[in-house]
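All remarks here apply to the structure that follows.
In listed order, ligands and their atoms are each counted from 1. Excluded from the calculations below are hydrogen atoms, water molecules and symmetry mates; all remaining heavy atoms, backbone and side chain alike, are included.
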Amino acid sequence: MRESWRWFGPKDPVTIDDIRQTGATDVVSALHSIPTGEVWPIDAIKEHQELIQATEPGAASLLWTVVESIPVHEDIKLGRPGHQVYVDNWIASMENLAECGIKTICYNFMPVIDWTRTDLKFKLPSGAYSLRFDQQKFAAFDLFILQRANALHDYSEEEILGARQAYELMPKTERQQLTKNIIAGLPGKMTNAYTIEDFRTMLASYSETTAEVLRSRLISFLSKVLPRAEALDSKLAIHPDDPPRDMLGLPRIICTASDLELLFKALPSPSNGMTLCVGTYGSRPDNDLPELARSFGSRIHFSHLRGVCLDPEEQRSFYEASHLDSDIDMVEVIRELLNEEQRRRQSGADDTEIFIRPDHGHQMMDDIDKTVNPGYSAIGRLKGLAEVRGVIRALSAQNMERL
Ligand code: DNO
């Protein structure tokens, strides 16, 4: 396994030298300043690569190996006339990255909103803070802040009542923060930041887009990208929709094993792969994570390791738990990923290692009073990485004994 760490660029409070101290060998990054839809020029890629890879003599080196993400322009997801230019530009960015030796590309196909949480400072019994998604608060936003057209049809009477109560109990600052989390997005998001009016307009532009239509657009996009990816030996790794279900009337199409089956059946290219985001898939009770890792093993080019605990009363609500202490059996997931690497070695494949990164971490200790990118503070992720590294080492040692 290749241990990687996400870096948001020179403004990230966690520096490249900090990352070096974690023991990770690889960096996951993107050119966040380039507007969605534009080509990432080779010079800009090289400049970013230099920031990551320049190493003082005697210091451990780091490699920029994974891109998270090249954003997919909304016009592609909407199938708007003229969207071909954005597909061509996406391909050109992939080609330029390959030219610089960067060949694993995470991306997503979520319309309008990327990953979404309602609480960014949910206090845990330990005193550390975690990210949380609260279905009732989300419904309160949808129904009473956004006042989305037709939203009432998406909720039962009981849910509307609960959402109203949640809305009424929310102080103004919390309503503002909730709105910001959803319409401006969270760090690393690959969608635009909107005003509330633009957000409503954008949602309305998807009113005719069913899941089938959106899926056909994803397939059409990939059928243009994949032949080129194969020729370059680049690997695409689609990130699931987080949380993995339809939201705000928008279809979401990468949520379950059957979504993945449809995708890989339609386009069996070996470059058509996935990011096994354990926390995202694990945010619905019908996804069995070790089973997903087993059945889609050969498609997994990248994995985000993180766990969630679902609310027993309302399974659409969850908080991000410690990496090894969540509802998900992380040890079994890692065992499956190691088994997949073993299969790749036995088949004589060139790329046998899967890139993993500690996905999110609790805001804890010195980080509590710092300005951090929510989910991406240093100490919590370092704890997560250390825990999963321990599991990887222990399972790998057991495997060696068996051989
Ligand atoms: C959040 C991340 C997402 C992810 C994109 C992938 O922490 O998992 O921002 O990077 O959705 O395209």
Exercise. Hey, are Tyr206 and Glu74 close enough side-chain-wise for a donor-acceptor pair under 3.5 Å?
Worked result: yes
For this session: Specify side chain, backbone, both or neither for Tyr107, according to which of its non-hydrogen atoms lie closer than 4.0 Å to ligand 1.
Result: backbone
Problem set entry | Sub-4.0 Å atoms of ligand 1 with respect to non-hydrogen atoms of His360 | 1 (C), 7 (O)
Seminar exercise, completed: Under 4.0 Å between heavy atoms, the region of Glu320 that gets near ligand 1 turns out to be neither
Exercise. Tell me: protein heavy atom nearest atom 8 (O) of ligand 1, and distance?
Worked result: His239 NE2, 3.1 Å
Seminar exercise, completed: atom 5 (C) of ligand 1: of Asn108, Ile70, Thr280, the nearest heavy atom sits on Asn108
For this session: Report, in ascending order of atom number, the atoms of ligand 1 lying under 4.0 Å from any heavy atom of Ser69.
Result: 6 (C), 12 (O)
For this session: Answer yes or no: does an N/O atom from Gly188 fall short of 3.5 Å to an N/O atom of ligand 1?
Result: yes
Exercise. Would Asp242 and Arg306 pass as an ion pair if we require N to O under 4.0 Å?
Worked result: yes
Exercise. For the residue pair His32 and Phe8, does the interplanar ring angle fall in the parallel (under 30°), tilted (30 to 60°) or perpendicular (over 60°) class?
Worked result: tilted
Exercise. Can you list the ligand 1 atoms lying under 4.0 Å from a non-hydrogen atom of Met110?
Worked result: 11 (O)
Problem set entry | Aromatic plane relationship, His239 with His304 - under 30° parallel, 30 to 60° tilted, over 60° perpendicular | tilted
For this session: Indicate the ring-plane relationship of Tyr107 and Trp90, choosing parallel, tilted or perpendicular according to the 30° and 60° boundaries.
Result: perpendicular
Problem set entry | Salt bridge present between Glu212 and Arg215 (N-O < 4.0 angstrom) | no
Problem set entry | Interfacing atoms of ligand 1 (cut-off 4.0 Å, heavy-atom, Tyr376) | 1 (C), 2 (C), 7 (O)
Seminar exercise, completed: One finds that the ligand 1 atoms under 4.0 Å from a non-hydrogen atom of His304 are 8 (O)
Exercise. Could you go step by step and tell me if Tyr376 and Arg381 meet the side chain to side chain donor-acceptor pair (under 3.5 Å) rule?
Worked result: CA-CA 7 Å; Tyr376 288 93; Arg381 274 189 295 166; over 6 Å; no
Exercise. At a 4.0 Å threshold, what atoms of ligand 1 neighbour a non-hydrogen atom of Glu68?
Worked result: 2 (C), 4 (C), 8 (O), 10 (O)
Exercise. Are the charged groups of Asp246 and Arg252 less than 4.0 angstrom apart, N to O?
Worked result: no
For this session: Report, in ascending order of atom number, the atoms of ligand 1 lying under 4.0 Å from any heavy atom of Asp114.
Result: 3 (C), 5 (C), 9 (O), 11 (O)
